[in-house]
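One structure below.
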Amino acid sequence: MSANQLDKKSQAWSALFSEPMSELVKRYTASVGFDRRMWRADIAGSLAHAEMLAAQGIIGADDLAAIQRGMAQIAQEIEAGSFEWKLDLEDVHLNIEARLTQLVGDAGKRLHTGRSRNDQVATDVRLWLRDEIDALAPLLAQMQLALVEVAEKNVDTILPGFTHMQVAQPVSFAHHLLAYVEMFARDAERLADVRKRVNRSPLGAAALAGTSYPLDRERAAKTLGFDGVCQNSLDAVSDRDFAIEFAGFASITMMHVSRLAEEIVLWMSQNFGFIDLADRYCTGSSIMPQKRNPDVAELARGKSGRVVGHLMALLTLMKGQPLTYNKDNQEDKEPLFDSVDTLRDTLRIMAEMVGGIVVKPEAMERAALKGYATATDLADYLVKKGLPFRDAHEVVAHAVKLAIQQGVDLSELPLATLQGFNPTIADDVYAVLTLRGSLNARSVLGGTAPDQVRAQLARHRARLQTS
Ligand code: ARG
């Protein structure tokens, strides 16, 4: 069938069919509206397949040359925006193949030898996703670097650390930011791991059972930069676990972004006042003139919902499918595409915004003082004087109670008062009751003491610069 016939009949399989597809069904089943964005992968996959077919003597060298020439023109047309995408041709694969046949005749019709759209689409999605993964990895590194840079300036900035959203113990603001660096570093590891399983070639699985043509699957895979081939043809065309895994990675990363965004929103509120954001990341209110809202952070938090939703969509789409390919799989694309787009935009904007955070150290320190954040330090002090920890805990609870009644910090209670709670308390207690004393004391590996934080910063710097 010629490309014109294909056009007219609107069907790639038409001989068997006695009536045309209804308009509604056509629109319902077509995917070209969204899968056309995989056109580069589709052409690359076809060229690798054709090159291998020629090398195996399945098509002629002249056919290969014609296919290459036609594909080069198609790529140009798509790039220039002059390619005419047709809903009648259902998807990106049939659109490109029909145009190829229009341009180069029979050679175009030979391209599909030993191939099915089932292994073709699985190949396209993997190639497309691999490129997106390679573009996302540096953004994750940038996000970490942005945090490291703010952290480097804030090793000695004291933030109240919270548990249960109650002031718990003072921490270095840098230490707090580096917690997110750890999270994003793990996300980057996960991404690199997902890539290994994305980067395998389904080509040659054909419709489901493999093909009777003497294909060299390894050769086509190598041309496309795949690390190997899928070893079972049924699995190759049917499973989308690689996409689900990516969505899992994306959801976890967005969950981390969302936690950071939530803290930024809190920190910027009047009740905290720990940071300020540049005006360009905020918006005003149409009714309340005093408002500067952290919309970017809120949206980043909100957009985590859609990415998690996509993970659910992909899992649900897959779970009921018997082997092998089913059209359900066409539904993998929009969630996957949107996960990539959302994550990419979010990482970019969050890294930029974090880089511009204005830190307000006095407000942070004031909040730490207000919350009796050094109470544990007083207990530890008493333990060093010989009290069992549980008794020390009790003594300090009484001291905090009195301080609250008097509206003062623990460090503001006179020595005589403190000694009333326990006679072993001496003048040196005031050193541990300061926020800085508390910070310095936590110099265990991974703790918040500035020397530890500086060591971690150096490690992250070295790691991020070499990656
Ligand atoms: N557009 C289809 C998809 O995204 C391509 C594969 C169609 N294969 C088929 N046998 N109908 O899954």
Side-chain angles (χ1 to χ4, degrees), residues 1 6-7 9-17 20-22 24-46 48-49 74 78 83 85-101 109 111-132 198 200-211 230 233-244 246-247 310 313-340:
M1 186 175 29
L6 201 95
D7 256 22
K9 300 191 134 187
S10 337
Q11 286 163 3
W13 52 84
S14 45
L16 190 65
F17 290 73
M21 209 183 242
S22 85
L24 191 58
V25 171
K26 211 184 283 174
R27 260 186 286 131
Y28 193 70
T29 55
S31 55
V32 64
F34 49 85
D35 67 13
R36 56 199 260 190
R37 80 182 270 181
M38 300 192 305
W39 68 268
R40 278 179 211 281
D42 194 66
I43 290 180
S46 288
H49 180 66
I74 291 170
I78 297 175
F83 188 91
W85 296 101
K86 294 178 183 146
L87 193 73
D88 280 354
L89 290 171
E90 196 181 318
D91 57 24
V92 61
H93 324 293
L94 293 178
N95 266 270
I96 290 180
E97 195 188 326
R99 177 70 181 139
L100 180 71
T101 299
K109 291 194 248 169
L111 170 62
H112 214 50
T113 314
R115 189 176 71 166
S116 151
R117 272 189 298 158
N118 296 352
D119 58 344
Q120 185 177 1
V121 69
T123 303
D124 288 9
V125 176
R126 285 170 181 267
L127 284 176
W128 178 86
L129 184 56
R130 184 188 67 194
D131 284 355
E132 295 298 331
V198 169
R200 298 205 187 129
S201 177
L203 264 189
L208 74 160
T211 172
C230 302
S233 63
L234 308 177
D235 174 48
V237 296
S238 72
D239 203 16
R240 297 289 184 265
D241 62 349
F242 65 91
I244 296 173
F246 176 85
H310 295 327
L314 290 173
L315 281 167
T316 312
L317 146 74
M318 201 74 243
K319 76 175 259 307
Q321 285 192 52
L323 296 185
T324 56
Y325 176 86
N326 302 278
K327 190 78 164 183
D328 310 44
N329 277 342
Q330 183 164 291
E331 285 290 305
D332 65 353
K333 286 165 204 67
E334 286 167 294
L336 185 62
F337 294 169
D338 190 67
S339 299
V340 166

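Both ligands and their constituent atoms are indexed starting at 1 by order of listing. Values reported hereafter were calculated over all heavy atoms of this structure, with side chains retained and with hydrogens, waters and symmetry mates removed.
Residue-level proximity to ligand 1 for Q120 is absent, since no heavy atom of it falls below 4.0 angstrom.
Contact atoms of ligand 1 toward D91: 1 (N), 2 (C), 5 (C) (distance under 4.0 Å to a heavy atom of the residue). Counting atoms of ligand 1 from 1 in the listed order, those under 4.0 Å from a heavy atom of Q330 are 1 (N), 2 (C), 3 (C), 4 (O), 12 (O). Residue-ligand proximity, K333 to ligand 1, at heavy-atom distances under 4.0 Å covers atoms 3 (C), 4 (O), 12 (O). Here is the list of ligand 1 atoms found below 4.0 Å of a heavy atom in S31: 1 (N).
Ionic pairing of R117 and E90 is present here: one or more N-O contacts between side-chain nitrogen and carboxylate oxygen are shorter than 4.0 angstrom.
Checking side-chain atoms of N95 against main-chain N and O of W85 turns up no donor-acceptor pair under 3.5 Å. Between the side chain of Q330 and the backbone N or O of T29, at least one donor-acceptor pair lies under 3.5 Å. No donor-acceptor pair under 3.5 Å is formed between the side chain of D119 and the backbone N or O of L203.
Of the polar atoms of Y325, at least one N or O is found under 3.5 Å from an N or O of ligand 1, judged by distance alone.
Given atom 11 (N) of ligand 1, the protein heavy atom at minimum distance is R117 NH2, 3.6 Å. Looking from atom 8 (N) of ligand 1 to the surrounding protein, the closest heavy atom is N118 OD1, 2.9 Å.
The side chain to side chain contact (heavy atoms under 4.5 Å, CB included) test with M318 singles out one residue from D332, I244, N326, D328, and that residue is I244.
Distance check: R115 CZ to S46 OG gives 3.5 Å after rounding to the nearest 0.5 Å.
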